[in-house]
Amino acid sequence: MQLVDKAKHKGSRKRLILELQEMGIESPQVLDAMLKVPRHFFLDSSFEEHAYQNKAFPIGTDQTISHPYTVAFQSEVLGIKKGDKILEIGTGSGYQTAVLFHLGADVYSIERQHFLFDKTKLLLSAMRIKAFLHYGDGYEGLPEKALFDKILVTAGAPSIPGKLFNQLNIGGMMIIPIGVGEQIMTLIIKTGDSSYKKVEFDNFNETNFRFVPMLKNKR
Ligand code: SAH
C-alpha cells in the first residue's frame, strides 16, 4: 500500500475546504479535520484525480465513498467533541471514520460488506487511525459497546432503526438519511427512553444527494 501525501494533494485539499465553506460548512474543527485527511488514500490510485472533487465515487461492490460535503455536514451537525463515543453505520472506504478520528472521537464503525471491511481495516491501520471496526449488520448496532453519544448513519434507511435508537444515550443524537430512493437528512435528538425530537435539514435536502441503501440481513 503506497500512502504518499504530496504538496499537490495538500493544495487540492485546501481548495476543497474552501468549496465546503462556500457551501455553508462553518465548523473550524470539521474543516481542520478534513484538511488533515488525505482523501486520495481512500480511492484506488487510478482515480486519484477525483479525490478532491466534491463528489461521491465508487469504491467497489456497488458502494461509494460519501461526498465530502455529506461527510462535513453530518460531522458538523453532530457537533463532535473530543472523547465523544460515536457509532458509524457503513464504514465503506473509511474516509468518514478517519475524519471522526481526527475530530478526537472514540469511533466504532460497522460494515456489512466483507470485502470493504477487510480492505478498510488494513488501510486505517496503515494510517494509524484507531477505530473499533466491526463486520456485521448496522441495524443491530453494537449492543456490547453501547451506549453511544452520537450515531452517524452513512446509508439511507427506510425509518429510524429502533435498535440504534436504544443504543443512544439520553441527550444523544443520531444523524441519518431517511427514505427509500430519495432521502431526507434527519437529526434525531433522544430526549427520553422512547421520546425524541426530530429536525429535517431542508438545506441539505436541496442538494438532492442520494445514499446507497442500508440493507438488512446480508453479510
Ligand atoms: N462512510 C462511508 C460511506 C460508504 S457508503 C465512506 O466515507 O466511505 C455506505 C456504506 O454502508 C457502504 O459501504 C455499505 O456497504 C454500508 N452498509 C449498507 N447497509 C449496511 C448495514 N445494514 N450495516 C452496515 N453497513 C451497511
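Start at 1 and go down the list; that is how both ligands and their atoms are numbered.
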Enquirer: Between Asp84 and Lys150, is the closest basic N to carboxylate O distance under 4.0 Å?
Expert: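 Looking at Asp84 together with Lys150, the answer is yes, because their closest N to O distance falls below 4.0 Å.
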Enquirer: Closer than 4.0 Å to some heavy atom of Glu88 - which atoms of ligand 1 meet that?
Expert: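 Numbered from 1, ligand 1 contributes 1 (N).
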Enquirer: Quick one: which of Glu111, Arg112, Lys216, Glu140 has a heavy atom closest to atom 16 (C) of ligand 1?
Expert: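 Shortest heavy-atom distance from atom 16 (C) of ligand 1: Glu111.
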Enquirer: Counting from 1, what ligand 1 atoms have a heavy atom of Pro213 closer than 4.0 Å?
Expert: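 Every atom of ligand 1 under 4.0 Å from some heavy atom of Pro213: 18 (C), 19 (N).
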Enquirer: Just by modelled atom types, is the Leu133 backbone N or O under 3.5 Å from a matching donor or acceptor in the Ser109 side chain?
Expert: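 Answer holds: no.
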Enquirer: Report the member of Gln113, Gln96, Gln74 with the shortest heavy-atom distance to atom 7 (O) of ligand 1.
Expert: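 Shortest heavy-atom distance from atom 7 (O) of ligand 1: Gln96.
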Enquirer: Listed by chain and number, what are the salt bridge (Lys or Arg N to Asp or Glu O under 4.0 Å) partners of Asp118, not counting sequence neighbours?
Expert: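 None.
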Enquirer: Can you tell which of Gly156, Gly138, Ser109, Gly141 gets a heavy atom nearest to atom 23 (N) of ligand 1?
Expert: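 Heavy atom nearest to atom 23 (N) of ligand 1 belongs to Gly138.
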Enquirer: N/O of Tyr139 under 3.5 Å from N/O of ligand 1, yes or no?
Expert: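 No.
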Enquirer: Between Asp106 and Lys82, is there a side-chain N and carboxylate O pair less than 4.0 Å apart?
Expert: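 No, no charged N to carboxylate O under 4.0 Å.
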Enquirer: Of all the heavy atoms in Thr97, does at least one lie under 4.0 Å from an atom in ligand 1?
Expert: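 Thr97: no contact with ligand 1 (<4.0 Å).
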Enquirer: Just distances here: any N/O of Leu116 and N/O of ligand 1 closer than 3.5 Å?
Expert: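 Not met; the criterion fails.
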Enquirer: Are the side chain of Thr120 and the backbone of Leu116 linked by a donor-acceptor contact shorter than 3.5 Å?
Expert: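 Present.
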Enquirer: Please say yes or no: joined through hydrophobic side-chain contacts below 4.5 Å, possibly via intermediate residues, are Ile170 and Leu164 part of one cluster?
Expert: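 In one cluster with Ile170: Leu164, no.
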Enquirer: Counting heavy atoms only, which of Gly90, Gly92, Ser66 comes nearest to atom 1 (N) of ligand 1?
Expert: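 It is Gly90 whose heavy atom sits nearest to atom 1 (N) of ligand 1.
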Enquirer: If the cut-off is 4.0 Å to any non-hydrogen atom of Ile65, which atoms of ligand 1 fall inside it?
Expert: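 Taking each heavy atom of Ile65 in turn, ligand 1 has 8 (O) under 4.0 Å.
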Enquirer: Below 4.0 Å, non-hydrogen atoms only: which portion of Thr154 touches ligand 1? Side chain, backbone, both or neither.
Expert: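 Both the backbone and the side chain of Thr154 come within reach of ligand 1.
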Enquirer: Just jot down the ligand 1 atoms closer than 4.0 angstrom to any heavy atom of Ser93, in number order.
Expert: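 Listed by number with element, the hits are 6 (C), 7 (O), 8 (O).
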Enquirer: Could you list which atoms of ligand 1 come closer than 4.0 Å to a heavy atom of Val212?
Expert: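 Close to Val212: 5 (S), 9 (C).
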Enquirer: Has the side chain of Ser12 got a donor or acceptor atom that lies under 3.5 Å from a matching backbone atom of Tyr52?
Expert: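 Side chain of Ser12 to backbone of Tyr52: no pair is present.
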Enquirer: Of all the atoms in ligand 1, which lie at a distance below 4.0 Å from a heavy atom belonging to Ile110?
Expert: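 Ligand 1 atoms under the 4.0 Å threshold to Ile110: 24 (C), 25 (N).
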Enquirer: Using side-chain heavy atoms (C-beta onward) and a distance below 4.5 Å, is Met34 in contact with Val30?
Expert: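 They are in side-chain contact.
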Enquirer: So, using side chain to side chain donor-acceptor pair (under 3.5 Å) as the criterion, who are the partners of Ser194 when residues are at least two apart?
Expert: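 Ser194 satisfies side chain to side chain donor-acceptor pair (under 3.5 Å) with no other residue.
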